[in-house]
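Let me begin by presenting the structure, written as structure tokens, before commenting on it.
Values in this document were obtained by computation on a predicted structure and should not be read as measured data. Hydrogens, waters and symmetry mates are skipped; everything else that's a heavy atom, side chains included, is used.
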Amino acid sequence: MIKTHKIIGSRIIHLAKVDSTNKFAIELMGEDELQEGTVISTNNQTSGRGQKGRSWLSEAGKNIAMSIILYPKFLHPREQFKLSQVISLAIWDAIHDFIGTTVSIKWPNDIYIGKKKVCGILIQNAISSTEILSTVVGIGINVNQKEFVRELSNPTSIALEKDSIIDLEKFKAVLFVKMNQYYLQLKTRNFELIDKAYHQRLYQLNATAFYQDANRNTFTGKIIGTTPTGKLNIETAEGLRTFDLKEVSFL
Amino acid sequence: MTFKEIQELIKLVSKSKLNEFKVKKGDFEMTIRSENYTKGSNAAPIIHSAPSIMPVSAPAPVPAAAPAAAATPAAAAPEAAAPKEDTSKYIEIKSPMIGTFYRSASPEKPVFVSVGDKVDKGSVVCIIEAMKLFNEIEAEVTGTIVKVLVEDSQPVEYDQPLFLVDPS
């Protein structure tokens, strides 16, 4: 086997069980810099975090939770959406390899199969005014879980959609290959390509659908893309509207 | 196992030629694999030892909310009453991006800094959230916080001053 240069997954710290891989990673980083690309992974995360404390329920041994430690000092804080994009793209590619056509990226960085969520990402950065000093990318992917507690988000798993059980190790191996490919794109600042790839995979791109704005007004519109900093552009009857996170929800 | 011990272990394993290393202590179980690891290449030694306190499974201490909530208004009040003074000697900590300003890591956590707190280069002073990305903002000066210029959960602009720091 040819050895390819890899950053992400160059060292894997796998835990039988942990409350949150992001929390573990951040505490482990402490004063010392850990090797870039170190991955903290588990198949049993007991209190994973979503956006601002929303929890992500997971059955032991069935899913993948991991946190990747990166030092993307080559990015300006203004460019951080690019990092979010490449992570989404890598996961999209890996899931797509396993199940095929219906995978999409729901803005800004959830992965969907059909109309259901299969993966969530939480990125925590430490930054100065001019550079991103360190990043912990937290990823939760529903792989083999087949039953979910009823909740607001509409969860699914790769196994549910594929109707067969996935080898977690095999899936992770594919994921790391993709992540390294995309991270390299990011390092070489190939932003145009990243943007193009992201838009191609965007959930409900160019499709007329219902949305709701921050004032709880429902409207129909068409997602036509994102701004360089990652805001969502929706074309509506009243013209183009641009939304930040939490300013719009998908109905 | 403490995080210090885990850090030491990782360092040791990195220096060694081991491709895989497993440790088991109580219900804490960790495997470290290097880049050269291939399945079944070399069986990893498993180290079993007596159970001890395991930090990672400890439940998050939730009921710490009260002091955090109390700290915010209390800090703001005396500032407003303080006599006007020369602010030109103070240094501003500015927002490096557009986003939402948070004074604590989560609602139940205490604020990172309050008026009167000493900050060093590298101390985390707040979080700016943008596009679902949570950015810890670090001070680039050493000094004392004299004013918090933005309220918690408020949107901030690029370059908007967030804190005033007295460097003396």
Side-chain angles (χ1 to χ4, degrees), chain A residues 1 3 5-6 9-20 23-24 27-32 34-35 37-39 41 46-47 49 51-53 76-78 80-81 83-84 107-110 121-135 169 226 229-231 244-246, chain B residues 2-4 6-11 13-14 20-22 24 27-39 54-60 93-100 102 105-109 121-122 124 127-140 153 155 158-159:
Chain A
M1 208 172 79
K3 220 183 112 197
H5 178 67
K6 56 178 184 179
S10 56
R11 184 166 63 204
I12 298 168
I13 300 170
H14 187 81
L15 303 158
K17 178 178 166 184
V18 69
D19 53 353
S20 149
K23 198 175 141 214
F24 186 93
E27 279 179 58
L28 192 57
M29 282 164 86
E31 318 260 293
D32 285 348
L34 282 172
Q35 179 180 310
T38 295
V39 171
S41 73
T46 54
S47 60
R49 274 187 59 201
Q51 187 190 321
K52 272 269 155 189
H76 189 278
R78 272 196 304 266
Q80 57 173 300
F81 181 58
L83 177 66
S84 168
W107 176 84
N109 57 11
D110 284 337
I121 301 168
L122 179 81
I123 299 179
Q124 293 176 286
N125 293 322
I127 66 176
S128 72
S129 57
T130 52
E131 46 179 38
I132 299 180
L133 303 171
S134 69
T135 296
E169 291 308 310
T226 56
T229 57
K231 290 188 181 186
D244 206 334
L245 189 78
K246 287 185 205 141
Chain B
T2 66
F3 277 97
K4 244 226 129 64
I6 297 168
Q7 273 169 334
E8 287 306 313
L9 260 183
I10 293 167
K11 264 187 218 156
V13 174
S14 299
E20 190 182 29
F21 174 85
K22 282 187 187 175
K24 208 173 170 198
D27 64 341
F28 177 76
E29 196 179 334
M30 175 174 77
T31 310
I32 304 170
R33 283 176 184 171
S34 78
E35 196 164 357
N36 299 320
Y37 171 82
T38 45
K39 214 171 180 176
M54 191 193 113
V56 288
S57 66
I93 299 177
K94 293 177 179 174
S95 177
M97 69 182 66
I98 299 165
T100 307
Y102 292 106
S106 58
E108 68 270 20
K109 294 268 169 67
K121 241 179 132 165
V124 174
I127 281 179
I128 305 284
E129 181 221 330
M131 305 309 307
K132 220 166 146 179
L133 303 163
F134 293 83
N135 303 284
E136 289 185 348
I137 309 301
E138 297 180 356
E140 281 163 81
S153 318
Y158 177 67
D159 249 358

For this session: Just give me the residue among A/A16, A/G37, A/P77, A/S134 that pairs up with chain B most often, heavy atom to heavy atom, under 4.5 Å.
Result: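 It is A/A16.
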
Exercise. What distance separates B/F134 CZ from B/T100 OG1, expressed to the nearest 0.5 Å?
Worked result: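 Result: 9.0 Å between the selected atoms.
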
Problem set entry | Sidechain-backbone polar pair: A/Q124 side chain, A/T135 backbone, donor-acceptor under 3.5 Å |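 Pair absent, no side-chain N/O of A/Q124 close to backbone of A/T135.
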
Exercise. What pairs with B/K11 under side-chain contact (heavy atoms from CB on, under 4.5 Å), at least two apart in sequence or on another chain?
Worked result: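 B/K11 satisfies side-chain contact (heavy atoms from CB on, under 4.5 Å) with A/D32, B/E8 once adjacent residues are dropped.
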
Exercise. Non-hydrogen atoms of chain A under 4.5 Å away: do they reach the side chain of B/E138, the backbone, both or neither?
Worked result: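 B/E138 touches chain A through backbone and side-chain heavy atoms alike.
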
Exercise. Centroid-to-centroid, A/F24 to B/F3, below 6.0 Å?
Worked result: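 Yes, the ring of A/F24 comes within the 6.0 Å limit of the ring of B/F3, centre to centre.
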
Problem set entry | Side chain, backbone, both or neither of A/L133 within contact of chain B (heavy atoms, under 4.5 Å) |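 For A/L133, side-chain heavy atoms alone lie under 4.5 Å from chain B.
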
For this session: Flag the one option from B/I93, B/N135, B/I10, B/I127 with the top tally of heavy-atom pairs under 4.5 Å to chain A.
Result: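 The answer is B/N135.
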
